[in-house]
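Report on the following structure.
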2 protein chains.
Amino acid sequence: MTSPSVPAGAAVPVRIRTMESSSTTGGSTRREATRQKLYEAAVTLIAEQGFSATTVDEIAERAGVAKGTVYYNFASKSVLFEELLRHGVGLLTASLREAAERTAREGGSRVDALDAMVRAGLVFIDRYPAFTQLYVAELWRTNRAWQSTLMVVRQQAVAVVEGVLREGVENGEFSDEIDVQLTAAALVGMVLVAALDWKSFQPERSLDDVHSALSRLLQGRVSGKG
Amino acid sequence: MTSPSVPAGAAVPVRIRTMESSSTTGGSTRREATRQKLYEAAVTLIAEQGFSATTVDEIAERAGVAKGTVYYNFASKSVLFEELLRHGVGLLTASLREAAERTAREGGSRVDALDAMVRAGLVFIDRYPAFTQLYVAELWRTNRAWQSTLMVVRQQAVAVVEGVLREGVENGEFSDEIDVQLTAAALVGMVLVAALDWKSFQPERSLDDVHSALSRLLQGRVSGKG
DNA sequence: ATTTTTGAACTGACTGGTCAGTGCAAAAAC
DNA sequence: GTTTTTGCACTGACCAGTCAGTTCAAAAAT
């Protein structure tokens with residue numbers, strides 16, 4: 001029993017009271033808080049270095065927990081990552097859906113809905129840049145364990161955009177010659193890459209600024225004098 | 001079974017007289033062929049699994065050479081990867097530039113140039129899907145050894161698009177209110193994600209098909225009936 | 001009293017990189 | 001024309017280090 005209970009430089013475990021108490025998964029609050037800390041630690045590390053280059057020891061250290069705690073809460077490193085993916089895309093999908101529904105409720109057009117979703121996407125990336133990086137980095141890989149998880153979760157998000165496009169085609173707002181699936185992908189790509197460029201290379205710009213630039217592109221107000 | 005001195009399937013060293021005999025890098029043809037094989041092996045493996053998850057042994061095996069050969073040709077795994085990046089983006093940049101210049105030579109507008117570059121991008125991704133995957137997966141990472149290489153090389157490619165946009169703004173073809181840098185990024189993203197989706201989820205579609213869908217989006221022919 | 005976390009030791013598989021040695025085609029020597 | 005030498009390109013067994021995952025007794029939190 002040589003080990004001192006408090007190693008030099010160990011973080012003091014400050015207990016923070018967050019509002020998110022219980023319900024959802026039925027897990028105890030304490031456990032949920034630990035999992036959240038692990039998510040946050042893992043997401044930044046994996047965004048920076050990639051999954052394979054990130055060690056469980058690093059994740060535990062950054063989360064301020066012991067390695068054993070990681071394995072108490074998650075079956076494996078892969079499982080931690082998969083649940084992280086599901087968690088993150090769930091947030092995005094909910095946000096996109098909310099934007100589309102709010103626009104519809106307020107009597108906006110489908111273009112307005114698209115625009116609102118572009119903004120929702122930007123807000124999401126603004127808040128969770130690391131998750132976005134990580135997701136982009138993994139999405140088109142093949143032969144990985146969590147491939148199916150990624151597919152399911154991608155479809156969830158893209159389907160929201162496709163839905164709005166399809167509705168627009170049905171009510172004549174959009175040309176019926178557009179390719180819904182491809183156009184949805186292109187729109188997602190537009191926002192994704194523009195936003196990642198924003199965060200990586202011009203982080204000082206405001207969200208509104210970026211949003212208006214993309215709106216212009218989305219609505220074809222590019223040709224001709226301003 | 002220890003390998004015989006001539007492993008099965010070993011390439012017969014055919015001496016090919018190419019014009020690039022000497023000077024430049026002074027590399028022999030044999031050596032260059034080996035490096036090419038290593039590029040091809042590395043690009044697919046890293047696209048599938050990521051850099052860290054790909055072992056040098058795997059790369060060597062797929063290229064059909066011994067591990068030592070990898071280190072004879074490249075200083076390290078990282079250096080192999082960096083040179084691979086430079087090599088690939090060089091091809092893309094040349095292709096984009098060629099498309100823009102050809103359009104200009106033929107008296108096309110800047111929109112035509114953009115369209116030609118979209119097609120060039122699609123052709124590139126069609127031919128080198130693995131490289132594209134790999135590039136996307138690494139571009140926005142931080143804290144990696146080859147970060148600076150990626151930046152330089154990204155700028156090379158994006159600058160071509162920015163150039164066309166800027167020219168269009170100068171001669172009044174595009175609104176002077178567009179954000180050149182952000183719009184360029186968004187256009188690249190549009191093509192990138194649409195193409196990766198194409199290759200991943202609808203590989204049976206033709207390039208022309210995909211190109212026309214993107215052209216429509218690019219030219220704002222989305223709203224309104226057919 | 002029960003759940004959750006800690007922390008350190010341990011294992012076994014795997015990995016990047018090394019290096020002494022091999023094969024061989026062209027150059028040099030004869 | 002034959003023999004010898006040269007040195008480039010390649011080989012693959014080997015090494016030192018690393019990492020995911022396990023174990024578990026003790027402590028802390030609820």
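Below, chains carry the letters A, B, ... as their sequence lines are ordered, and counting in each starts from 1. Everything numeric in this text was worked out from a predicted model, so none of it was measured.
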Rounded to the Å, how far apart are [X] [atom1] and [N] [atom2]?
X	N	atom1	atom2	answer
B:Phe74	C:dG16	CZ	P	16 Å
B:Tyr71	D:dA13	OH	C1'	15 Å
A:Tyr72	C:dT2	OH	P	14 Å
A:Lys37	C:dT6	NZ	C1'	12 Å

*Tell me, which of residues 54-62 of chain B have any heavy atom that sits under 4.0 Å from an atom in DNA chain D?*
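Heavy-atom contacts with DNA chain D come from no residue of residues 54-62 of chain B; none.
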
*Considering only NZ, NE, NH1 and NH2 on the basic side and carboxylate oxygens on the acidic side, decide whether A:Arg97 and A:Glu101 come within less than 4.0 Å.*
no

_Looking at A:Arg141 and A:Glu138, is any side-chain nitrogen of the basic one under 4.0 Å from a carboxylate oxygen of the acidic one?_
yes

*asked:* I'd like to know if B:Lys67 reaches the base of C:dG17 with its side chain such that a donor and an acceptor end up less than 3.5 angstrom apart.
replied: yes

*From the list C:dT5, D:dG21, D:dT11, which nucleotide is the closest neighbour of the side chain of B:Thr69?*
D:dT11

*Give the nucleotide from the list D:dC10, C:dG17, D:dG21 with an atom nearest to the side chain of B:Thr34.*
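The answer is D:dC10.
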
_Side-chain heavy atoms of B:Trp140 within contact of A:Asp197, under 4.5 Å_ =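 A side-chain contact exists here, since the closest heavy-atom pair is under 4.5 Å.
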
_Test your reading of the model: is there a side-chain donor-acceptor pair from A:Arg205 to the backbone of A:Val210, 3.5 Å cut-off?_
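Looks like no, no N/O pair under 3.5 Å.
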
*Assess the side chains of B:Gln36 and B:Glu32: does a donor N or O sit below 3.5 Å from an acceptor N or O?*
no

_Residue whose nearest DNA chain D nucleotide is more 5′ - A:Gly68 or A:Ala53_ = A:Ala53

*Taking the six-membered ring for Trp, are B:Phe81 and B:Phe51 parallel (under 30°), tilted (30 to 60°) or perpendicular (over 60°)?*
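Tilted.
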
